[in-house]
Amino acid sequence: FSQLSQLNQIMKPICLLGHMRSITQVRFNRDGDLIFTCAKDPHPSIWFALNGERLGSLVGHNGAVWCVDCRWDSEKVLTGSADNSAKLWDTETGKCVLSVDTNSAVRSCGFDFAGTSAMLTTDKTMGYKCTILLYDIRQDPAGQPACQMLVPESKITSAVWGPLSRFLITGHENGDLCQMDVRAQKVIRTEKHHKGAINDIRMYKDGTMFVTASKDHTARLIDSYELQLFKTYKTERPVNSADISPLRPHVLLGGGQEAQDVTTSGAHVGKFDAKFFHTVYEEEFARVKGHFGPINSVGFTPDGRGFVTGGEDGFVRLHSFDNDYFDFEFE
Amino acid sequence: LLGDILAEKPQEKKAINNALVLSGLPIVDSARIERLQVFIRDKFLDKHGEVVKFSMPTDENGNSLGFALCCFQTDQQALDALTDIQGASLDKMHTLNVFKFSDFNRLADADDEWKPPEKAPFVDRGDLRSWLREDRCHDQFGVLHTAGSVATIYWHWPGDPQPVDSATRNNWTESRLHWSPLGTYLATYHTKGIALWGGEKFEQINRFQHKNVQIIDFSPCERYLVTFSPSVTKEDPHAIKMFEVDTGKMKRSFLHEQAAKWPVFKWSHKGEFFARVQTGKALQVFETPSFSLLDKKSISVQDVQDLSWSPTDNILAYWIAETDNQPARVILMTMPEKREVATKMLFNVADCRMHWHPQGNYLCVRVNRYTKKKLDADNTPKYINIYTNFEVFRMREKNIPVEKIEVTDAVSCFTWEPHGSKFAMVQGIASKGLSVVFYQVNAHDIEKVKVLEKRNVNTISWSPIGQHVVLAGLRSANGGLEFIDTSDMKTTANQEHFGATDIEWDPTGRYVVTTVSFWHVKVDNASHVYSSHGTLLYKLNKLERICQFAWRPRPPTLLSDEQIKNIKKNMKTYSRRFEKEDLQSSTRASKELLEKRARLNTEYEKWRAKLLEKFRGEKQKRLELRGVDTDELDSNAQDFVEETLEFPIKVERIRIDKLPQVAE
């Protein structure tokens with residue numbers, strides 16, 4: 001366990017203080033110079049990754065913003081909110097160019113590979129079933145989705161586009177993982193690798209594999225084509241978010257505790273850590289402390305030279321790795 | 001209702017279970033029969049309850065026949081009496097032989113022909129101590145995890161514990177794991193009773209039936225098992241049962257009347273005797289293997305409160321509460337001779353607690369004393385201004401001298417140092433700050449050697465071989481761990497295991513394990529393993545929801561003190577050999593680890609290669625969808641536009657009129 005001490009070097013993070021409520025998602029654009037953060041307050045923010053300076057915030061939503069995505073060319077931003085709407089924004093100006101209303105809160109959203117379609121998933125509430133909606137954003141859809149698909153059983157808790165956007169990969173509340181062909185309205189494949197709700201799914205840079213973060217205290221590495229489980233990373237607490245490094249064989253996990261255990265664990269100062277695992281050996285080798293509450297969203301910078309974490313405490317912390325990190329090897 | 005009325009119908013069975021037959025009585029003539037009856041009732045029967053019916057049959061001349069019949073009001077009273085007076089002696093020639101009337105028919109119908117009992121087949125249990133002969137003398141430990149549904153026994157190879165073959169079992173126990181005192185057996189709890197497991201493969205050794213058993217105790221020699229279950233029925237009213245481990249037979253069972261702390265029956269160090277207190281009345285000392293009262297009678301002691309055996313000698317210590325005209329007393333008595341070897345009078349006593357030194361060298365009696373005593377409305381005593389005295393009995397010295405220490409603060413967690421002569425306790429109250437105080441028992445006095453102030457400690461855990469101690473703040477006290485070497489009273493390490501609920505030293509005193517048990521806290525369940533000096537060695541956190549971590553105990557060493565001294569003298573030569581072995585095994589381990597990692601890497605690369613093939617195959621499609629190559633961050637470098645940004649790093653304000661004047 002000597003590896004632990006090596007990596008707890010002083011990496012001074014930049015703290016982005018823009019949200020009054022807990023962070024729900026943090027995302028980078030493809031180039032890695034912009035950071036998108038959304039939280040339980042109605043105004044998602046865009047920041048410069050270079051120095052943490054805020055570009056601006058997106059004003060328009062009336063409720064918590066659950067998800068955010070940036071198009072591959074960085075020109076457009078997509079957000080989904082608990083105010084039963086999803087909005088498309090212009091990144092440079094922050095102007096809302098399109099808004100669609102849904103029947104219930106929008107839980108996940110994402111641009112497809114080409115950037116011409118947007119997918120939304122909505123929550124199961126008030127008589128409305130969990131639904132996947134696809135919109136063609138080249139034309140103003142006037143509120144009508146190009147196609148939609150109902151999800152009958154366990155609701156979707158996280159969703160991403162599969163390789164070449166042929167299908168969606170969805171994670172469900174009961175731990176199921178599915179490939180959904182929305183246009184053909186069918187479930188291509190279902191696998192049950194997790195025992196608890198899947199809180200987050202993040203694609204590897206080439207889309208061939210992804211990592212899932214689950215309430216069952218594990219994160220798993222799975223291939224996108226056949227949903228075959230390859231690696232499992234075990235922790236002692238529910239995992240809220242995970243990401244795969246584009247540069248080194250490392251996986252980053254962020255988690256917390258069950259809501260009902262919050263009072264018992266107490267406000268343990270600065271003790272919520274981001275955990276680093278070796279992708280292949282499944283061993284934890286480092287932890288970075290700093291958050292005052294559970295970590296809700298994590299992400300590596302697209303060049304793999306840093307990472308960002310967003311927590312229940314409303315803080316977003318942007319870290320840059322020291323030189324030691326790039327030389328660090330397991331014996 | 002008809003049902004109720006029928007239930008009230010006198011049942012024949014009922015009448016029989018509360019009747020006893022007393023035989024072995026002297027035969028007396030009609031003149032003295034009245035006196036005999038009164039004597040029997042007075043001495044043996046009345047104290048157990050109300051005797052509803054008593055009859056001493058006579059022959060045609062009015063002489064007694066040597067037996068009597070009595071009926072108690074309740075079955076319980078009859079059983080109570082039976083337990084107490086069976087085997088009691090009336091005089092030199094007569095011993096009471098008591099049995100239940102319900103047994104009478106059974107005994108009367110017994111076969112006249114004696115049939116020899118069937119020979120039980122020999123079961124080879126194998127070597128029950130095989131674990132002690134492991135190559136490097138590693139210990140084993142048991143872990144109950146996955147919320148109690150899986151139990152696994154591990155070899156403690158430091159840094160890399162390995163589960164023992166075939167020793168990971170689902171639902172092995174229904175509540176907890178319990179090792180026998182010398183480590184030979186693992187006891188598991190079930191609704192039907194207890195099961196014992198042992199041997200190299202942890203096969204089942206024996207089963208002991210006791211429905212809904214809740215808690216157990218072993219005799220120190222592991223020959224006997226005592227079980228307690230709160231589920232008592234009319235047919236089986238005995239809450240406490242004693243079994244012989246080897247045969248599985250129940251040797252004796254007892255009713256459990258008053259509320260008491262477990263274990264109710266305390267064992268002498270070799271398992272020759274076990275005893276319990278009948279609060280306020282008597283000491284009951286039983287002997288094995290007969291399981292009957294020593295000398296066939298209880299030791300009547302007025303106002304006796306509690307007893308405790310020496311861990312190394314057949315000496316029983318007990319204390320008597322103070323009464324209006326007699327001070328409290330602590331008495332030490334040898335068994336089976338029942339000779340008093342020490343007595344101490346104590347004045348103004350509210351309460352006493354006895355703490356034996358683990359090697360029996362000292363007995364410390366903690367006495368709560370008061371300055372004033374008041375009587376409540378219902379005559380219960382209320383004590384004002386309690387302070388504590390510690391009376392230390394020096395057991396190994398002639399006439400067992402007693403020395404006193406006085407402490408005014410509130411006291412808790414008194415512990416002796418094993419194999420040493422120190423003791424430690426926590427003094428003070430939480431709101432004002434707790435201190436841990438160490439004392440040393442010297443040849444002629446007891447010295448306060450160290451006071452450690454402002455310590456949030458609620459557990460003092462000594463190494464089983466002495467010298468090292470851990471001061472821990474378990475459960476609600478944040479899991480602080482202070483490791484101290486008491487030879488120079490220096491703190492060797494300060495650690496923290498947040499939320500730790502239990503702490504346990506291994507039987508050799510090399511490792512300390514703290515655990516956050518799922519039974520108390522639902523998150524972060526893990527066990528941390530530290531060296532005796534407090535270095536964190538590794539964490540056992542890959543197992544889910546750990547409930548219990550328990551080291552397997554070891555039997556005491558077979559080496560004599562002389563041999564141990566020699567080994568310590570020649571430590572250097574032994575060390576050299578062990579260091580060489582350690583080096584070899586660590587390179588072996590790292591070689592194994594390297595091989596394992598190389599294997600994992602090859603597998604991973606193969607998997608990735610297949611995925612990359614698919615990825616490359618889709619390249620054309622990707623170009624079509626986006627119009628540019630975005631496979632790498634710099635794939636379309638030719639489209640990059642170079643931009644120079646300027647950021648002010650520092651802004652400084654200078655007042656112009658303060659600039660030095662330039663000569664014109």
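Lettering of chains follows the sequences in order, A, B, ..., and the numbering in each one begins at 1. All figures in this text were calculated on a predicted structure; none of them were measured in a lab.
Taking the centre and axis of the six-membered ring of A/Phe113, the NZ or CZ atom of B/Arg626 falls inside the cone set by 45° and 6.0 Å. Remark: A/Lys231 is not positioned above the aromatic ring of A/Tyr233, lacking an NZ or CZ atom under 6.0 angstrom from the ring centre and at most 45 degrees off the axis.
Neither the backbone nor the side chain of B/Arg545 comes within contact range of chain A, judged by heavy atoms closer than 4.5 Å. Using a 4.5 Å cut-off between heavy atoms, B/Glu624 makes no contact with chain A at all. With a threshold of 4.5 angstrom between heavy atoms, A/Gln228 approaches chain B through its backbone and through its side chain. Only the side chain of A/Tyr204 comes within contact range of chain B, with at least one heavy atom under 4.5 Å from a heavy atom of that chain. Within the 4.5 angstrom heavy-atom criterion, no atom of A/Thr116 approaches chain B. Interface remark: A/Arg71 contributes no atoms to any contact with chain B (heavy atom separation under 4.5 Å). Using a 4.5 Å cut-off between heavy atoms, A/Asp73 makes no contact with chain B at all.
Ranked by heavy-atom pairs under 4.5 Å with chain A, the first of B/Val628, B/Asp631, B/Leu612, B/Leu600 is B/Leu600. Of the listed residues (A/Leu221, A/Leu50, A/Asp112, A/Asp31), the greatest number of heavy-atom pairs within a distance under 4.5 Å of chain B belongs to A/Leu221. Of all the listed residues (B/Glu618, B/Glu603, B/Lys542), the one sharing the greatest number of non-hydrogen pairs under 4.5 Å with chain A is B/Glu618. Comparing A/Glu53, A/His278, A/Met209, A/Lys234 by how many heavy-atom pairs each has under 4.5 Å with chain B, the most go to A/Met209.
Rounded to the nearest 0.5 angstrom, A/Gln179 CD and A/Glu226 CD are separated by 8.5 Å.
Between A/Phe321 and A/Phe300, the ring-plane angle classifies as tilted under the 30° and 60° cut-offs.
Summarising the geometry of B/His520 relative to B/Thr501, their closest heavy-atom pair is CB-CG2, 3.7 Å, with the distance given to 0.1 Å. Closest non-hydrogen pair, A/Thr91 versus A/Val77, comes out as OG1-CG2, 3.4 Å.
Residues A/Glu282 and A/Thr232 are in side-chain contact: their nearest non-hydrogen atoms beyond the backbone lie under 4.5 Å apart.
Residues A/Thr212 and A/His193 bring no donor and acceptor atom of their side chains to less than 3.5 Å of each other.
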